Amino acid sequence: MAESVCRTLRDGGLEGEHAPALTIKDSIASPFGFDVFCHVLTQLSSFILAGKSQSRGLVLVAFCRSPSFYADLLKSKGIDVNSSNKWVRILDCYTDPLGWKFRLMGVGNLRDLSCEASSTGILCKDVKDTNKLYSSIIELGKGLVAEAKSRFSVAIDSVDQMLRHASMSSVAGLFSNLRSHGQVSNVFWLLHSDLHEVRVTASLEYMSSMVASVEPLQQLTNGQRDDSDKASLTEQNLKKGKFHVRFKRRNGRVRVMLEEFHIEQSGISFKSASSEEVTNQGLLPKVQFSLQLSEKEQIDRSNVVLPFEHQGNGKPIQIYDGRNSLMEGKHETTSVSAGNSETNEGSGGGEIIYYRDSDDEMPDSDEDPDDDLDI
Amino acid sequence: MKKLELGFQWASSKPKLLLHRSSITTLRRYQLTAHGNCGKRKSAENWVRRSSRRNTNSSANSTRLNSELRSKQTCPKDYQTGVSLLFLLAAMAATKTRGSSFSRAVSAATPSLAPGLKCGPNGTVFLSSGIPDLDKILGGGFTLGSLVMVMEDSEAPHHMLLLRNFMSQGLIHNQPLLYASPSKDPKGFLGTLPSPASSKDDKPRDRDTDQEKGLRIAWQYKKYFGENNPNFTGHRDDKHEYCNDFDLRKPLERQFLIRQHVDCVSLQDSMNLSVLLDHCGTFLSQFPRNDNNSSITTAGRIAIQSFCAPDCGYSNMEWHMLSFIRSLKSVMRSSNAVAVLTFPPSLLSPSFCKRWQHMADTLLSVKAIPDEDRELAQLLTGYQDMVGLLNVHKIARINTQAPMILEATTFSIKLQKRRYLVLECLNQAPIDGSSGASYGTSGSCSASSKTGRLDF
């Protein structure tokens, strides 16, 4: 759910723990990842402004949209932009990622770009060097939050652009360094999953603690529907879709949540899923019946005195034949009770119930009974 | 022959032992056929005489007697069950020294071992994994000279639990340790190693001692032997237990970390895997394995965490990583050490994932479980305490061709009292009695129609 995602980001990470990281991924079937990204961005910004979140500032690394776009976006959401230089910094990797314009500027052909860079950000001229990116982000963040203990959030516009210029391992290194930096409260990024190999997406999911995927409500399968159906489905997919989130919780369990979202003029809105429950992948292996005894059962079982257990205690051996007559007048152990009577001053232990097969046997057959009837 | 009807009833709070009179005579018969003449036992003739007293017709007696005697001989099955019953009791009464009655007798010249090592079958030596349940499942522990691989689940950090216990156990036993991880500062992880549970905390192992205290025998041995029952209690814990229970909430005392220098390697730095391999080689040269196997003074441990993590420079060089593992395995074979290597299989291509799995001597995998899954909660007992699942895919069998076949390969990982790592068999939750299910309908014990999930 989008709310819980934003709340988790807002709460940030604990001391000594990696900062929570969110991957937002989408695909061409439902290409609204950027809307989700903007939604999360604005939510987090409002939390920061209101002072409710762990982080005091936000560093936005803009790859696929210009900084002015973000300024307009925040303004349109009603977030105060005038004070924005107090809590947001934008690392502009959009204007001149590879430093071409800068180099051309040196020749004197282009006007100076530095006036375009607003006071809220710095221009990055070399996105290939992830170490430099990392240091710029940290520098911006530290400049944003005054004290050494406060934290800031990092939002990365588009990982795809980063991966165009740098290798997967360096980008992964950058993200893990960001997460483990003491002052970073949370990190989130956007990814278009169909632009990359499965391995890349898997690596990014490996490194994040929440994975939010934007999926179409119904998958379009080729060749199974005719055109009119396809058109209506596509149209439907362009208006709404599924928002599927997997949370990796601290105790090692995975929480899966599902929501529907709608695209409207003003943005994106979320509502709870109306359709079927999230189906978990069956991972159950062979399950056995429990052959163990519970505590209570063990205690009960240990209280039953087994047939010959009372021997060797120094008491005279007394042969039991199930008749009441032998019980009276003799000093008996507490565990043996008459089989025929229902009442027993049960000692809390079990009882041995002995059913005589028949009562009319000749008495003399029992006069000299065997020793092993001494139960 | 009437069957022996001995049984416990659980229905009431006081279990009752049901004995029918006929079963007592059967008990008697078993005893006689097995023992023949035994001490004070009445001989078979006496018994026969007594039973003949029952019938006044003596001729009928003799024929009946003959037929019964004959029937005894022609019923070898009952004889054998009687004999086996007694053998079973006798076997249980004796202190167990060996795992199975078919194992070869241990040769007189057992190698003298450092504390923390244990002799295993077929000339192998075990060292503890740090988790008592896992040692039991694997038949003693990790075999010296083997490579253990753990497949991680990218959604859960359970492999860290296994690694922590493994490393702590090594430090407790003063075994040198090499730790490699993809983080920039692997030394930081050493601060999270757990400490063994102190004896004053109640450990989760109490039930084992109960079983050893004394076997309750439902037979008449006490009458003959008096009060001196054989002492079944296990050996008292000496200073160095083979495997400690680790309290995950208590950090390891500094003295253990200082006493043994832990070699920490950051995998991020090594672009070249051959450097890492050389490092491992020099570490392992401290524990060479001699053929005469006279004594093993120290054993070493190597822990490599998340070997193919994406932030390592070599992570897309799949053939190089595979050849590293193979070289490591070959060096391990000639040294007295155990290496545990964890990797997330989702980051490898499927063919390489399979190749890596084949490289392992012992292969385990950990899996995350979904949170608040009502179906799983209905299906399994103890779902609330479970944090994950552990699968045992392969167990190292060195010097033998006989495989080890386990009863169960999947275990639930639980944290008892949030402190102790416990592995338990998965048990099906009891079926609701009100539904009156017989086992035939138990396939639908989960409300959904996912019968495919339940696999007997």
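Lettering of chains follows the sequences in order, A, B, ..., and the numbering in each one begins at 1. Keep in mind that this is a model prediction, so the values were computed, not measured.
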Side-chain donor-acceptor contact under 3.5 Å, B:Glu152 with B:Ser306: yes
Donor-acceptor contact below 3.5 Å, side chain A:Arg179 vs main chain A:Met207: yes
Chain B-proximal positions within residues 162-170 of chain A [heavy-atom distance under 4.5 Å]: A:Met168, A:Ser169
Toward chain B, the part of A:Arg249 with a non-hydrogen atom under 4.5 Å: side chain
Under-4.0 Å salt bridge between B:Glu155 and B:Lys367: no
Residue among B:Ser346, B:Pro157, B:Ser315, B:Ser183 with most heavy-atom pairs under 4.5 Å to chain A: B:Ser315
Under 3.5 Å donor-acceptor, A:Lys25 side chain and A:Glu205 backbone: no
Top contributor to chain A contacts, counting heavy-atom pairs under 4.5 Å, from B:Ala156, B:Pro310, B:Ser154, B:Cys308: B:Pro310
Most contacts with chain B, counted as non-hydrogen pairs under 4.5 angstrom, among A:Ser180, A:Ser203, A:Gly173: A:Ser203
Check: A:Tyr206 side chain, A:Thr201 main-chain N or O, donor-acceptor pair, under 3.5 Å: no
Pairing residues for B:Phe189 by the ring-ring contact (aromatic ring centres under 6.0 Å, His included) criterion, not counting sequence neighbours: B:Tyr179
Any residue meeting ring-ring contact (aromatic ring centres under 6.0 Å, His included) with B:Phe307, in chain and number order, not counting sequence neighbours: B:Tyr314, B:Phe324, B:Trp356
Chain A contact via B:Asn316 - which portion, at a heavy-atom distance below 4.5 Å: both
Residues in side chain to side chain donor-acceptor pair (under 3.5 Å) contact with A:Ser176, at least two apart in sequence or another chain: B:Asp311
